[in-house]
Colleague: 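Let me give you the structure first, and then I'll get to my questions.
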Amino acid sequence: MDIITLDFETYYSADYSLSKMQTDAYVHDERFEVVGVSLMRNDEPAVWFSGDDLETAAWLRGIVDWENCAVRCHNTLFDGYIMTQHFGIKPKLWMDTLSQARMLLPWLPSHSLASITKHFALPDKGTAVHKALGKRRTDFNPVALAEYAAYCKHDTWLCNEIGKRLDADTPVLDAKLIDMTVRMFTEPQLVGDKVLMEKLYNDELERKEKLLILAATDRAQIMSNDKFALRLEELGVTPPLKVSKATGNLTYAFAKSDKAFTDLLDHEDSEVQALVAARVGVKTTIAETRALKFLETSRRGALPVYLNFWGAKTTGRYSGGNKINWQNIPARGPSAGLRKALRAPEGHTVLVGDSSNIELRVIMAAAGQLDVVDKIRNGVDLYCDFASKLFGRTVTKADVAERMLGKVAMLSLQYGAGAERFQEMVRVTARSIPALEPISIGRALEIVQLYRGTHHKVVQLWKYCNDVVLPQIANGQDLQPVDVNGWCVTQNNGFGRAGEPGVVYHDLTQTDGEWNYQMGRMRVRIHGPKMVENLCQHLAMKVVMWQTARINHKQPVALSVHDEAVCVVRNDLLTEARAYMEECLALAPLWCRDHLPVACETGAGESYGEAK
């Protein structure tokens, strides 16, 4: 199959560019214009074309049999969206050097074409694009257009050269997942309920205004850290501080996750309560901006799902992008209604499959905690099981508060949380789940000790990773087992499935007794329990993505959210599609099939919210 490496050059200006707009908004904007396009077939010399839309479409259609070739770009979500939405072209396979670079070179500070070019010591990327600011195609004189064409063709050549270097280390499965990820955006399937989205947006604006009125302040005061701190001081409250992870300097602790700050919600002065409530509601504008972005996107047509492949650089999981985080659509709180606004088009149904408790299952199997693995295999509810130990009696799903405490314990203590952190996790969870009550530090310590005593193999894995595996990685000792099953081995300055991309601890060193590694522009601290978290999240991702790729083989996946696969299915094919999805999610990959029992839940409805 031929590989066509392709690059579009498009009009942009000071107030109209990808840096200021969502990708789909940019392409659908009335100002959008293709200045020119360059492509090369395999290793043939790059060719350039510049014309109006009809001329460009005719040239593209005439030069390549797109349905039988692969298309490679750097950031294919952009060029691919132009291809499908502007020219109606859908190739057999999408390739993306940006996604490959994130996966294979995760520690680099940037994965731009210029950065990857420097990494591979290729001829520098040109700068002619800077001269194109504000220029329409017809504004270029022949000399300037020829310079721009040379620049574009050089970018195309660079992308092809980078691709050839990355292809050798890109597994077939990951190539298929990259194609799937691109199609979620370039061939969108979900549609937005515009009426409901507009209501959600207006409701959020009204909610915030009420908080502002209650606090007897204004938006500017709430949004400014300094002004907000001054207002707290006027009310007799010392603003809480913390050490910034980015700078190491003291900064205001005004985030939802800052306990000293959220404790003020229970302050004896009702004005302080209202002020902090307003800050929590107004400073974190995610509900408002999310609702507006979804509304604006739905007005342009079907909802393109923008996900960054290997966006979580350490573990390889997806991350959100394009100013909408599809990985974080809350099931509770002000944004919860958005799930019901994400709908299937007429004649179709949203089908959702969830690989049940996959991370919890992975850590028990990876640690060799066989008593718990047997309980999983026999269908025991692990949250009820641990809660029964906590309360000294049989806890069932009917015991909502007790089971919830067991759930928080099982999901938060597996990665080494201590008593104070666990107590805080319970407190934060209790704010959104009234049945759960905060616990004392003494009770938290009892639960931590009970967990570690009953899950000794998990504790042993923490210690093994800290005392044995991290030194092995630092010393370059490859092919050493990381987990008890040997699913992952040390390799490539980190660990992963043998011969596959995995977790990379670039420049792993020990400073003052603490391990740390380079990721982007930061040094990241790592220790045994944290490494186990990386291990389990990476392995869980591997399992779920293998299952998702199998689903996608027969039923195109419209959205992937952590351990979920979301499809849009024709109504007359729903029963068959659901059975196939359940078959895929009930099967683990061959490398872990004998040791990792998996299970799933599926749901269907007119919207994502109704299905889930």
Colleague: Ignoring hydrogens, what is the shortest heavy-atom contact between N534 and V503? Give both atom names and the distance.
Modeller: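 Closest pair (atom of N534, atom of V503, distance): O-CG2, 4.3 Å.
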Colleague: Do the non-hydrogen side-chain atoms of L596 and N485 ever get within less than 4.5 Å of each other?
Modeller: no
Colleague: Examine distances only and state if a side-chain atom of R343 and a backbone atom of S607 form a donor-acceptor pair shorter than 3.5 Å.
Modeller: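 Side chain of R343 to backbone of S607, a donor-acceptor pair under 3.5 Å: no, none is there.
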Colleague: Just wondering, do Y318 and T181 contact through their side chains at under 4.5 Å, heavy atoms?
Modeller: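 The answer is yes, as the side chains (C-beta and beyond) meet within the 4.5 Å cut-off.
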Colleague: Taking N322 for the side chain and I324 for the main chain, is one N or O donor matched with an acceptor at less than 3.5 Å?
Modeller: no
Colleague: First locate atom CG of L445, then atom CG of L450, and finally report the distance between them rounded to the nearest 0.5 Å.
Modeller: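 The distance works out to 11.0 Å.
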Colleague: Q518 side chain to G520 main-chain N or O, any donor-acceptor pair under 3.5 Å?
Modeller: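 Side chain of Q518 to backbone of G520: a pair is present.
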Colleague: Regarding N493 and Y517, do their side chains bring together a donor and an acceptor under 3.5 Å, going by distance alone?
Modeller: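 Absent: no donor and acceptor within the cut-off.
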Colleague: Is the number of heavy atoms from other residues, nucleotides or ligands under 6.0 Å of K323 NZ greater than 12?
Modeller: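 Correct, the count exceeds 12.
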Colleague: Please check if the side chain of N378 supplies one atom and the backbone of D374 the other of a donor-acceptor pair under 3.5 Å.
Modeller: yes
Colleague: Between R521 (side chain) and P109 (backbone), is there a donor-acceptor pair under 3.5 Å?
Modeller: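 Side chain of R521 to backbone of P109: a pair is present.
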Colleague: Is it the case that atom NZ in K389 sees more than 12 heavy atoms from other parts of the structure closer than 6.0 Å?
Modeller: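 More than 12 heavy atoms, drawn from other residues, nucleotides or ligands, come within 6.0 Å of this atom.
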Colleague: Quick check: are there more than 12 heavy atoms from other residues, nucleotides or ligands sitting under 6.0 Å from NZ of K199?
Modeller: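 No, the 6.0 Å shell around NZ holds no more than 12 heavy atoms from other groups.
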Colleague: Does a side chain donor of either E359 or N357 reach within less than 3.5 Å of an acceptor in the other side chain?
Modeller: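 Side-chain D/A pair, E359 to N357: absent.
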Colleague: List the steps, then state whether side chain to side chain contact (heavy atoms under 4.5 Å, CB included) holds for M519 with M522.
Modeller: CA-CA 6 Å; M519 183 57 74; M522 297 180 63; 5.9 Å; no
Colleague: What are the two closest non-hydrogen atoms of K397 and C384, and how far apart are they?
Modeller: N-SG, 3.6 Å
Colleague: Between Q537 and Y415, is there a side-chain donor-acceptor contact under 3.5 Å, judged purely by atom types and distance?
Modeller: no
Colleague: Would you kindly say whether T511 and R523 are connected by a side-chain donor-acceptor distance under 3.5 Å?
Modeller: no
Colleague: Salt bridge check, D371 against K457: does any charged N sit closer than 4.0 Å to a carboxylate O?
Modeller: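 Salt bridge: no.
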Colleague: Taking all heavy atoms of V484 and all of A365, pick out the closest pair and write down the distance.
Modeller: CG2-O, 3.7 Å
Colleague: Any donor and acceptor pair, going by atom type alone, linking the side chain of R290 with main-chain N or O of N328 inside 3.5 Å?
Modeller: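 Yes, R290 side chain to N328 backbone: donor-acceptor pair under 3.5 Å.
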Colleague: Do the non-hydrogen side-chain atoms of V524 and H506 ever get within less than 4.5 Å of each other?
Modeller: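 Heavy-atom side-chain distance check fails, nothing below 4.5 Å.
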Colleague: Do other residues, nucleotides or ligands put more than 12 heavy atoms under 6.0 Å from E420 CD?
Modeller: no
Colleague: Any side-chain heavy atom of K227 sitting closer than 4.5 Å to one from R231?
Modeller: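 With C-beta onward as the side chain, the pair stays apart.
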Colleague: Going from OG1 on T454 to CZ on R452, what distance comes out if it is rounded to the nearest 0.5 angstrom?
Modeller: 11.5 Å
Colleague: Say whether, by atom type as modelled, one donor and one acceptor occur between the side chain of Q491 and the main chain of R497 under 3.5 angstrom.
Modeller: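 It does hold such a pair.
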Colleague: Report the distance from atom CZ of R361 to atom CG of L539, rounding to the nearest 0.5 Å.
Modeller: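 Going from CZ on R361 over to CG on L539, the span is 15.0 Å.
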Colleague: Look at the side chain of E610 and the backbone N and O of R339, then say whether any donor-acceptor pair between them is shorter than 3.5 Å.
Modeller: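 The answer is no, because no donor-acceptor pair under 3.5 Å joins these two groups.
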Colleague: Does T602 offer a backbone N or O that forms a donor-acceptor pair with the side chain of R578 under 3.5 Å?
Modeller: yes
Colleague: Got a salt bridge between D399 and R393, using NZ or NE/NH1/NH2 to carboxylate O under 4.0 Å?
Modeller: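 Looking at R393 together with D399, the answer is yes, because their closest N to O distance falls below 4.0 Å.
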Colleague: Distance check, rounded to the nearest 0.5 Å: E233 atom CD versus T238 atom OG1?
Modeller: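 One gets 7.0 Å once the value is rounded to the nearest 0.5 Å.
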Colleague: Please determine whether side-chain hydrogen bond (donor to acceptor under 3.5 Å, both in side chains) holds for the pair Q480 and T490, giving the CA-CA distance in whole Å, both sets of side-chain angles, and the decisive distance to 0.1 Å.
Modeller: CA-CA 5 Å; Q480 304 301 309; T490 56; 5.5 Å; no
Colleague: Any side-chain heavy atom of W326 sitting closer than 4.5 Å to one from M184?
Modeller: no
Colleague: I'd like to know whether CD of E437 has more than 12 heavy-atom contacts from other residues, nucleotides or ligands below 6.0 angstrom.
Modeller: no
Colleague: Using the side chain to side chain contact (heavy atoms under 4.5 Å, CB included) rule, take L436 and V408 through it: C-alpha gap first, then chi angles, then the decisive distance, then the call.
Modeller: CA-CA 10 Å; L436 183 63; V408 176; 4.3 Å; yes
Colleague: Could you point out which residue of V362, L461, V469 forms a side chain to side chain contact (heavy atoms under 4.5 Å, CB included) with L535?
Modeller: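 When side chain to side chain contact (heavy atoms under 4.5 Å, CB included) is applied between L535 and each of V362, L461, V469, only L461 qualifies.
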Colleague: Are any side-chain N or O atoms of E296 and backbone N or O atoms of K293, one a donor and one an acceptor, separated by less than 3.5 Å?
Modeller: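 Flag not set: sc E296 to bb K293 has no pair under 3.5 Å.
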Colleague: Is there a side-chain contact between Y201 and M197 in this structure, where contact means two heavy atoms from C-beta onward sitting under 4.5 Å apart?
Modeller: no
Colleague: Is it the case that atom CD in Q477 sees more than 12 heavy atoms from other parts of the structure closer than 6.0 Å?
Modeller: yes
Colleague: Between V598 and L587, is the side chain to side chain contact (heavy atoms under 4.5 Å, CB included) condition met? List the steps.
Modeller: CA-CA 7 Å; V598 295; L587 187 67; 5.7 Å; no
Colleague: Starting from the C-alpha separation in whole Å, work towards a yes-or-no answer on side chain to side chain contact (heavy atoms under 4.5 Å, CB included) for Y383 and M404.
Modeller: CA-CA 7 Å; Y383 307 148; M404 181 55 65; over 6 Å; no
Colleague: Above 12 or not: heavy atoms from other molecules or residues under 6.0 Å from CZ of R377?
Modeller: yes
Colleague: Go through the structure and list residues passing side-chain hydrogen bond (donor to acceptor under 3.5 Å, both in side chains) with S319, not counting sequence neighbours.
Modeller: N308
Colleague: Can you list the steps and then say if E533 with K530 is a salt bridge (Lys or Arg N to Asp or Glu O under 4.0 Å)?
Modeller: CA-CA 5 Å; E533 181 179 5; K530 183 64 178 177; 3.2 Å; yes
Colleague: So which heavy atom on I526 is nearest to which on M531, and how close?
Modeller: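 Result for this residue pair: CD1-N, 3.7 Å.
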Colleague: Do K313 and H111 make a side-chain contact, defined as non-hydrogen atoms from C-beta onward lying under 4.5 Å apart?
Modeller: yes
Colleague: I want to check something: taking the side chain as every heavy atom from C-beta on, are F254 and P240 in contact at a cut-off of under 4.5 Å?
Modeller: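 F254 vs P240: side chains touch.
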Colleague: To the nearest 0.5 Å, how far apart are OH in Y464 and CG in L470?
Modeller: 11.0 Å
Colleague: Looking only at heavy atoms, which two atoms of F386 and A409 are closest? And how far apart?
Modeller: CE2-CB, 3.5 Å
Colleague: Can you measure from CG (L200) to CG (D193) and round to the nearest 0.5 angstrom?
Modeller: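 Output value for this atom pair is 9.0 Å.
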Colleague: Tell me every residue that passes salt bridge (charged side-chain N to carboxylate O under 4.0 Å, His left out) with E198, counting only those two or more places apart in sequence or in another chain.
Modeller: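 Only R299 meet the salt bridge (charged side-chain N to carboxylate O under 4.0 Å, His left out) criterion with E198.
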Colleague: Which atoms form the tightest heavy-atom contact between G416 and P529, and what is the distance?
Modeller: CA-CB, 4.0 Å
